[in-house]
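Notes to accompany the following structure.
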Amino acid sequence: MPPCRSHRSQTASHTDSSKTLDGQGFGDVEELADRVAEAVRARPAEEPPWAVLRAVLREWGERIQSAQGDPAVLRLIESSPALRARLNQRRDAMRDRVAIALCERPGSRLDAFTADLLTGCAAAALDAANREWLRRDAAADRTDLIDRAFGAMAPAL
């Protein structure tokens, strides 16, 4: 198995560009990513990777979304290809950190491909939950939506 490490070498450039986006609803994604990665590493060694992601992102989902701003700003980001691209760039950096953390868990046997796949699926679950939350005018319970998204994907994993 190849070692589990990021295939992206742009993390440093994300830090510079993220500073200019902080006032536009993107929040401090780098710091948040580090805290989520720490939570992933802290989960019990015997817990399967998908269960780890579900538990951590369920716990951190609200803070992740809150870091991106209010619903009006999120709608603006979703409707603008340029802003959405920047948000996706930042999310990629966060996924890299979480994928590496999955591999660094005690006893982990994950390779980079599997860790990247699982974190990509988890990010898709969060994105779907967030879009549904926006469609419901921010009136739905995000934690329930995250559970629903992870639950729908679990049989495939």
Side-chain angles (χ1 to χ4, degrees), residues 6 8 11 14-15 17-105 108 110 114-157:
S6 172
R8 296 175 187 93
T11 303
H14 285 299
T15 302
S17 65
S18 69
K19 301 289 186 231
T20 62
L21 298 173
D22 284 343
Q24 298 178 23
F26 291 93
D28 190 358
V29 174
E30 288 79 14
E31 180 182 336
L32 186 58
D34 289 339
R35 293 180 70 196
V36 170
E38 288 171 20
V40 165
R41 285 185 197 93
R43 299 295 298 179
E46 65 278 359
E47 194 171 25
W50 185 246
V52 167
L53 290 170
R54 184 178 189 166
V56 169
L57 294 176
R58 185 179 196 282
E59 176 186 341
W60 282 85
E62 192 71 32
R63 283 174 272 190
I64 291 168
Q65 296 307 326
S66 295
Q68 294 175 9
D70 67 49
V73 174
L74 289 173
R75 283 187 190 92
L76 174 65
I77 291 169
E78 289 291 326
S79 68
S80 166
L83 291 176
R84 189 169 167 91
R86 287 187 179 190
L87 178 61
N88 286 332
Q89 186 178 38
R90 295 186 67 172
R91 286 177 176 170
D92 282 347
M94 184 173 189
R95 281 192 293 272
D96 281 350
R97 292 176 184 190
V98 173
I100 291 167
L102 266 181
C103 292
E104 291 175 349
R105 292 177 62 235
S108 176
L110 283 181
T114 305
D116 193 41
L117 177 64
L118 290 173
T119 55
C121 290
L126 278 181
D127 288 347
N130 188 51
R131 284 192 300 274
E132 181 63 15
W133 181 76
L134 288 173
R135 280 190 293 270
R136 295 184 186 187
D137 294 323
D141 183 312
R142 278 195 230 193
T143 303
D144 289 344
L145 293 172
I146 291 168
D147 280 342
R148 182 177 165 198
F150 270 84
M153 296 176 94
L157 300 171

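All values below come from the heavy atoms of this structure, side chains included, with hydrogens, waters and symmetry mates left out. Here, residue 1 is the first one in the sequence, and each next residue gets the next number.
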Could you grab the distance from atom [atom1] of [X] to atom [atom2] of [Y], nearest 0.5 Å is fine?
| X | Y | atom1 | atom2 | result |
| --- | --- | --- | --- | --- |
| Glu38 | Glu104 | CD | CD | 11.0 Å |
| Leu145 | Leu134 | CG | CG | 10.5 Å |
| Asp144 | Glu132 | CG | CD | 12.0 Å |
| Leu102 | Leu53 | CG | CG | 4.5 Å |
| Thr119 | Asp92 | OG1 | CG | 9.5 Å |

Arg131 meets the side-chain hydrogen bond (donor to acceptor under 3.5 Å, both in side chains) criterion, sequence neighbours left out, with none
Hits for side-chain hydrogen bond (donor to acceptor under 3.5 Å, both in side chains) against Asp141, two or more places apart or cross-chain, chain-then-number order -> none
Could you tell me whether the side chain of [Y] reaches within less than 4.5 Å of the side chain of [X], counting heavy atoms only?
| X | Y | answer |
| --- | --- | --- |
| Arg95 | Asp116 | no |
| Arg54 | Asp147 | yes |
| Leu126 | Arg91 | no |

Atom of [X], atom of [Y] and distance for their closest heavy-atom approach:
| X | Y | result |
| --- | --- | --- |
| Ser108 | Cys103 | CB-O, 3.3 Å |
| Arg43 | Ala55 | NH2-CB, 3.4 Å |
| Val36 | Met94 | CG2-CE, 3.8 Å |
| Ala101 | Ala37 | CB-O, 3.4 Å |
| Phe150 | Ala122 | CZ-CB, 3.7 Å |

*Worked check of salt bridge (charged side-chain N to carboxylate O under 4.0 Å, His left out) between Asp34 and Arg97*: CA-CA 7 Å; Asp34 289 339; Arg97 292 176 184 190; 3.1 Å; yes
| task | Check whether more than 12 heavy atoms from other residues, nucleotides or ligands sit under 6.0 Å from atom CZ of Arg35, and answer yes or no. | result | no
Reference residue Pro49; test side-chain contact (heavy atoms from CB on, under 4.5 Å); the match among Val40, Leu118, Thr114, Leu117:
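Going through Val40, Leu118, Thr114, Leu117 one by one, the side-chain contact (heavy atoms from CB on, under 4.5 Å) with Pro49 is satisfied by Leu118 alone.
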